[in-house]
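A quick note: this is a predicted structure, and the numbers were derived from the prediction, not measured. Position 1 is the first residue of the sequence, and the numbers go up from there.
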Amino acid sequence: MLVLVGFFMHDFSQRLKSLRQSMGLTQKQFGALGGVTDTAQGNYESDDENKRKAPGLNYFLNLKENDIDISYLLTGETASDNLNSDESLI
């Protein structure tokens, strides 16, 4: 189980960092969207398993309120990937 958590966290951390960079934001700016400090944001993105931390629920809720695709961060699939053909037309 611990291996799965570590594997998931590595993928999550990489997606989080990639998304933040693609938005052209610093860790401080992106962390503010999630309601955390730049230090906390850095810990979420860390490649170092001993330093890496998992964000809490409020972080995700804050990101969602700022139109960040939480589905992508958690699964690697965008929210629109999960829509059927009729839903995607809306």
Side-chain angles (χ1 to χ4, degrees):
M1 178 69 166
L2 189 55
V3 172
L4 273 178
V5 171
F7 181 75
F8 168 79
M9 281 303 299
H10 178 266
D11 287 355
F12 167 78
S13 295
Q14 293 302 310
R15 284 190 295 269
L16 183 62
K17 183 176 183 177
S18 175
L19 177 63
R20 175 185 61 77
Q21 290 175 334
S22 73
M23 294 173 69
L25 299 176
T26 65
Q27 287 181 338
K28 184 174 185 172
Q29 292 167 324
F30 196 91
L33 294 176
V36 299
T37 65
D38 56 332
T39 301
Q41 183 66 35
N43 288 338
Y44 303 157
E45 296 179 13
S46 180
D47 289 330
D48 182 348
E49 291 182 23
N50 296 316
K51 186 178 173 185
R52 188 181 309 138
K53 306 287 185 210
L57 178 60
N58 284 337
Y59 177 77
F60 292 107
L61 293 174
N62 289 333
L63 291 181
K64 180 74 173 161
E65 287 179 11
N66 285 288
D67 297 322
I68 304 298
D69 189 350
I70 303 308
S71 179
Y72 169 73
L73 290 176
L74 296 174
T75 68
E77 296 180 9
T78 63
S80 62
D81 289 342
N82 299 320
L83 301 177
N84 67 38
S85 58
D86 291 333
E87 292 170 330
S88 63
L89 294 175
I90 298 174

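Residues I68 and L73 share a closest heavy-atom pair of CG2-CD1, 4.1 Å.
The aromatic rings of Y59 and Y44 sit perpendicular, their planes meeting at an angle over 60°, well past the 30° parallel limit.
Summarising the geometry, atom CG belonging to L16 is positioned 5.5 Å from atom CZ belonging to F30; distances are rounded to the nearest 0.5 Å. One distance of note links CD of Q41 with OG of S46; it measures 11.5 Å at 0.5 Å rounding. For the atom pair CZ (F12) and CD (E45), the distance works out to 9.0 Å, reported to the nearest 0.5 Å. Atom OG1 of T75 is separated from atom CD of E77 by 5.0 Å, given to the nearest 0.5 angstrom. In this structure, R20 CZ and Q29 CD are separated by 9.0 Å, a value rounded to the nearest 0.5 Å. We find the CG-CG distance between D67 and L33 to be 10.0 Å, quoted to the nearest 0.5 Å.
No donor-acceptor distance shorter than 3.5 angstrom exists from the side chain of S18 to the backbone of R15, with no hydrogens or angles considered. Listed for the S13 side chain is a donor-acceptor partner under 3.5 Å among the backbone atoms of M9.
Under the 4.5 Å side-chain heavy-atom criterion for grouping Ile, Leu, Val, Met, Phe, Trp and Tyr, L61 is not connected to V36 through any hydrophobic cluster. Cluster annotation: I70 and Y72 are assigned to the same hydrophobic cluster (Ile/Leu/Val/Met/Phe/Trp/Tyr, side-chain heavy-atom contacts under 4.5 Å, transitive).
When only modelled atom types and interatomic distance are considered, D47 and Q14 share a side-chain donor-acceptor pair under 3.5 Å.
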